[in-house]
Amino acid sequence: MKLATKYIHAGAEPDPSTGAIMTPIYQTSTYVQEAPGVNKGYEYARSQNPTRKALEDAYAQIENGRFGLAFGSGVAATDAVIKLLSPGDEVIAANDMYGGTYRLFTKIFAKYGIQFTYVDTTDVNNIRKAISEKTKLIWIETPTNPLMNITDIEAVAAVAREAKAWLCVDNTFASPYLQNPLDLGADIVMHSATKYLGGHSDLIQGCLVMNDENLREQLYFIQKSCGAVPGPMDCFLVLRGIKTLHIRMQRHCENGEKIAHFLRNHPKVGKVYWCGFEDHHNYAIAKKQMRGFGGMMSFVLKNDSVDEAKRVLSSTKIFSLAESLGGVESLINHPASMTHASIPREERIKNGLSDSLIRLSVGIEDVDDLVADLTAAIG
Ligand SMILES: *Cc1c(COP(=O)(O)O)cnc(C)c1O
């Protein structure tokens, strides 16, 4: 089935009681049982909810996986993956990733005795060198937030298989429309559905998709035992969002490409971080594993002035100054003080995330208006 058809029909079965074409919002905490232990497959809404079930099926379908699980946020989904591990186990993670993932690893899980080793995953040899007998999980993000670094999923999957470790890919930035890590050998795909999957900046949610039944059982057990489940209203909204994912992503890609080239040609703009440039250091890998390059990018001004960057960040009219990404509206963000403030400054600088970096989530407005807005703001 082609992507457009799949996204519109993913998870959608007519409601068994009425035939409603849209999955109803089953706003309920419990389900009446016919006799003790005799039920219709639903007992208590932390464990099962029909709206969530429809969405979990949709997640599986759009990521070409067998099983999907929905969580109350992207970080709750990440939290569930780390809970597969035990004290003494080691995770090899990217040194450039979403600040909240880094915070969860270093501030919450490290104290439970799980070890995290951070490496530059854009070169698979760095991962290979870091593998030890304790390595149970490799965690990568590609493209990365906010520096748009690319890691070769297929190559890392081969290293993970050899080490008998799981590979989990945070696929939030690409969305399933542009990249499907399970097809490339990953064991688990994670999304912040808050972003492109929801697509309208109106909810917080996360998901995991996998193929292995045993892994699904373990993660489902964590989901219901720890209870970080999304409500049915949010599940309904993500189901609705997924129906237009392909149309939105096409426009995000088109607008993104135009804005990236506009920035690169602007006399006051310095380095532009976007994985669609042919001279991006891992362009060949991006081209191999992605179907397009999306609407996320970062840039610095040529003079590298933090004050100038802050002035630009405060003067756009259509790009709103806000955290988050992947919605229909364009956003502008200052990673050093906003999305990535939870990473210590020296770590950030070491990994190339400067105080003057500006991140854009290019929306699906008319691109001429977006260019005019940036032109006026950069001055
Ligand atoms: C936003 C984000 C997350 C966290 O998701 P939440 O839904 O905010 O909890 C994880 N990874 C990436 C790449 C993100 O952009």
Side-chain angles (χ1 to χ4, degrees), residues 55 59 63 68-83 91 93-109 118 121 139-151 153 168-179 181 186 188-209 223 226-231 234-235 237-238 241-242 249 252 256 273 275 290 293-298 322-327 331-335 338-343 348 351 353 357 359-363:
L55 177 60
Y59 282 145
E63 271 298 6
L69 291 170
F71 292 85
S73 67
V75 293
T78 304
D79 174 270
V81 175
I82 305 303
K83 284 175 177 160
V91 181
N95 65 357
D96 168 36
M97 57 184 185
Y98 176 66
T101 306
Y102 179 82
R103 180 174 58 196
L104 180 67
F105 291 179
T106 55
K107 294 279 163 42
I108 305 290
F109 281 112
Y118 300 95
T121 60
W139 183 281
I140 62 171
E141 197 180 301
T142 180
T144 58
N145 179 358
L147 292 172
M148 306 305 295
N149 284 316
I150 299 290
T151 292
I153 299 172
C168 183
V169 180
D170 181 340
N171 201 29
T172 301
F173 259 40
S175 89
Y177 181 72
L178 299 181
Q179 178 172 281
I188 309 171
V189 180
M190 173 265 163
H191 279 279
S192 167
T194 311
K195 318 292 170 53
Y196 286 110
L197 297 178
H200 297 75
S201 309
D202 51 7
L203 57 94
I204 296 283
Q205 189 170 138
C207 75
L208 301 174
V209 182
Q223 182 200 41
C226 299
V229 291
D234 284 359
C235 292
L237 287 170
V238 181
I242 288 171
M249 288 311 297
H252 282 299
Y273 300 81
C275 56
M290 301 174 76
F293 306 110
M296 293 304 300
M297 66 197 66
S298 299
E323 298 197 6
S324 200
L325 61 108
L331 300 180
I332 191 165
N333 167 286
H334 184 228
M338 297 166 69
T339 44
H340 292 66
S342 51
I343 302 176
R348 263 191 276 123
N351 298 332
L353 199 170
L357 192 80
R359 190 189 80 183
L360 299 179
S361 170
V362 176

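Atoms within each ligand, like the ligands themselves, are counted from 1 in listed order.
- Polar contact check, Thr194 against ligand 1: a nitrogen or oxygen pair lies under 3.5 Å apart.
- Side-chain atoms of His340 come within 3.5 Å of backbone atoms of Asn145 as a donor-acceptor pair (strictly under, hydrogens ignored).
- Here is the list of ligand 1 atoms found below 4.0 Å of a heavy atom in Glu141: 13 (C).
- Remark: ligand 1 atoms within the under-4.0 Å shell around heavy atoms of Gln205 are 7 (O).
- If you take CG on Asn351 and CG on Asn149, they are separated by 9.5 Å, rounding to the nearest 0.5 Å.
- Here the shortest heavy-atom distance to atom 2 (C) of ligand 1, taken over Met97, Lys195, His191, belongs to Lys195.
- Not a single donor-acceptor pair under 3.5 Å links the side chain of Ser192 to the backbone N or O of Thr172.
- A tilted orientation is assigned to the rings of Tyr118 and Tyr102, their planes being inclined by 30° to 60°.
- In terms of polar-atom proximity, defined here as any N/O pair under 3.5 Å, Val75 does make such a contact with ligand 1.
- Considering backbone and side-chain atoms alike, Gly74 places an N or O below 3.5 Å from some N or O of ligand 1.
- For atom 4 (C) of ligand 1, the nearest non-hydrogen atom of the protein is Tyr98 CE2, 3.4 Å.
- Of the heavy atoms in Leu325, only side-chain atoms (C-beta onward) come closer than 4.0 Å to ligand 1.
- Residue-ligand proximity, Asn145 to ligand 1, at heavy-atom distances under 4.0 Å covers atoms 15 (O).
- Both tests pass for Lys195 against the ring of Tyr98: distance under 6.0 Å to the centre and angle within 45° of the axis.
- Screening Thr142, Thr144, Thr121 for a side chain to side chain contact (heavy atoms under 4.5 Å, CB included) with Ile150, the sole residue that qualifies is Thr142.
- Note that CG of Asp202 and OG1 of Thr194 are 10.0 Å apart. Values are rounded to the nearest 0.5 Å.
- Note: an N/O pair closer than 3.5 Å links Asp170 and ligand 1 by distance alone.
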